[in-house]
*Asks:* 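Can you read through this structure? Questions will come right after.
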Amino acid sequence: MKLQEIKHQLLALFIALIVALTMYPTRAQAQIIGDLEVSIPFQFHAGSTKLPPGKYVIHMIDNSNLTVMEISSEDGSTSALFDVESAEANSAPAKNELIFNKYGNRYFLAKLFDEGNPSGSQVIESRYERKLSQGTPEGQEHVPARHRTQQGK
């Protein structure tokens, strides 16, 4: 085959690949809609960041392809970004909630769910959480959250 023919075949394959990818819908990832307000009564980790107890606002970062969330203190003095992936609950939660993994006296933000929706977000484990989870029994703590109203913004 001539080089010119190979180039045309590769171009045709590339165009076919692009068309196929745009025609196949990707699996929809769940996301938390809007801002969640939550009062967390204990020190905790969100991703690799350690945060003090307090009132926080959590939301999905725009243009992150539903893979990055931000948590920030109500007064804006503290914030952290953390990576998430889609998660499924066994049943639709009765309320908005955050679920924390507990190892001894250390808490790690693990999952976030909207009321009535079994699809939510799961926080990608940090290296520190993976290390702790190897030797310590895991428990979970559920913390209720609420959606922030437009007036509260």
*Asks:* Check whether any side-chain heavy atom of Leu36 lies under 4.5 Å from a side-chain heavy atom of Val57, and answer yes or no.
*Replies:*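 Leu36 vs Val57: side chains apart.
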*Asks:* With a 4.5 Å heavy-atom cut-off, do Ser79 and Glu70 have their side chains touching?
*Replies:*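 Yes; the side chains approach each other to less than 4.5 Å.
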*Asks:* Quick one: are Lys111 and Val123 in side-chain contact, heavy atoms under 4.5 Å?
*Replies:*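 In short, these two side chains do not touch, never coming nearer than 4.5 Å.
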*Asks:* Considering only heavy atoms from C-beta outward, does the side chain of Glu88 approach that of Ser119 to under 4.5 Å?
*Replies:*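 A side-chain contact exists here, since the closest heavy-atom pair is under 4.5 Å.
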*Asks:* Do His147 and Glu37 meet the criterion of a side-chain donor-acceptor pair at a distance under 3.5 Å?
*Replies:*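 Not at all, the side chains of His147 and Glu37 share no donor-acceptor pair under 3.5 Å.
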*Asks:* What's the verdict on side-chain contact (heavy atoms from CB on, under 4.5 Å) for Ser121 and Met60, showing C-alpha distance, side-chain angles and the deciding distance?
*Replies:* CA-CA 10 Å; Ser121 296; Met60 190 68 66; 4.0 Å; yes
*Asks:* Would you mind listing the cluster partners of Ile124? Hydrophobic ones only (ILVMFWY), side-chain contacts under 4.5 Å, chaining allowed.
*Replies:*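 Members alongside Ile124: none; it stands by itself.
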*Asks:* Would a single hydrophobic cluster contain both Ile58 and Leu81, if residues Ile, Leu, Val, Met, Phe, Trp and Tyr are joined by side-chain heavy-atom contacts under 4.5 Å?
*Replies:*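 Different clusters: Leu81 never reaches Ile58 through Ile, Leu, Val, Met, Phe, Trp or Tyr contacts under 4.5 Å.
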*Asks:* Are the side chains of Ile99 and Leu109 in contact, using a 4.5 Å heavy-atom criterion?
*Replies:*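 A side-chain contact under 4.5 Å is absent here.
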*Asks:* Distance check, rounded to the nearest 0.5 Å: Glu129 atom CD versus Ser48 atom OG?
*Replies:*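 Between atom CD of Glu129 and atom OG of Ser48 there are 11.5 Å.
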*Asks:* Check the pair His59 / Met69 against side-chain contact (heavy atoms from CB on, under 4.5 Å), numbers first and verdict last.
*Replies:* CA-CA 6 Å; His59 67 272; Met69 295 186 84; 5.9 Å; no
*Asks:* Give a yes or no on whether Arg127 atom CZ has more than 12 heavy-atom contacts from other residues, nucleotides or ligands under 6.0 Å away.
*Replies:*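 Not buried by this count: 12 neighbours or fewer within 6.0 Å.
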*Asks:* Could you tell me which non-hydrogen atom of Asn117 sits nearest to which non-hydrogen atom of Pro93, and how far apart they are?
*Replies:*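 Looking at all heavy atoms of both residues, the closest pair is O-CD, 3.3 Å.
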*Asks:* Is any side-chain heavy atom of Glu138 less than 4.5 Å from a side-chain heavy atom of Lys102?
*Replies:*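 Sidechains of Lys102 and Glu138: no contact.
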*Asks:* For Pro41 and Pro53, which heavy atoms make the closest approach, and how far apart are they?
*Replies:*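 Closest pair (atom of Pro41, atom of Pro53, distance): C-CB, 3.8 Å.
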*Asks:* What verdict does the side-chain contact (heavy atoms from CB on, under 4.5 Å) test give for Val68 and Phe82, after you've listed the backbone C-alpha separation in whole Å, the side-chain angles of each residue and the deciding distance to 0.1 Å?
*Replies:* CA-CA 6 Å; Val68 180; Phe82 54 95; over 6 Å; no
*Asks:* Between Ile40 and Leu98, does the side-chain contact (heavy atoms from CB on, under 4.5 Å) criterion hold? Intermediate values first, please.
*Replies:* CA-CA 9 Å; Ile40 302 171; Leu98 277 59; 4.3 Å; yes
*Asks:* For a 4.5 angstrom cut-off between non-hydrogen side-chain atoms, does His45 reach Ser126?
*Replies:*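 A side-chain contact is absent here, since even the closest heavy-atom pair is not under 4.5 Å.
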*Asks:* Can you name the nearest heavy-atom pair linking Ala94 to Glu115, along with the distance?
*Replies:*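 Taking Ala94 first and Glu115 second, the nearest heavy atoms are O-CG, 3.4 Å.
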*Asks:* What I want to check is whether the side chains of Ser73 and Asp75 have a donor and an acceptor closer together than 3.5 Å.
*Replies:*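 Note: Ser73 and Asp75 side chains meet the donor-acceptor criterion.
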*Asks:* As a test of understanding, state which of Tyr128, Phe100, Phe44 forms a ring pair (Phe, Tyr, Trp, His ring centres under 6.0 Å) with Phe108.
*Replies:*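 Of the listed options, the one satisfying the test is Tyr128.
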*Asks:* Side-chain contact test, heavy atoms from C-beta onward, threshold under 4.5 Å: evaluate it for Phe113 versus Asn96 and give yes or no.
*Replies:*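 The answer is no, as the side chains (C-beta and beyond) never meet within the 4.5 Å cut-off.
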*Asks:* State, to 0.1 Å, how close Leu132 and Arg106 come at their nearest heavy-atom pair, and which atoms those are.
*Replies:*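 Smallest interatomic distance, heavy atoms only, reads CD1-CD, 3.4 Å.
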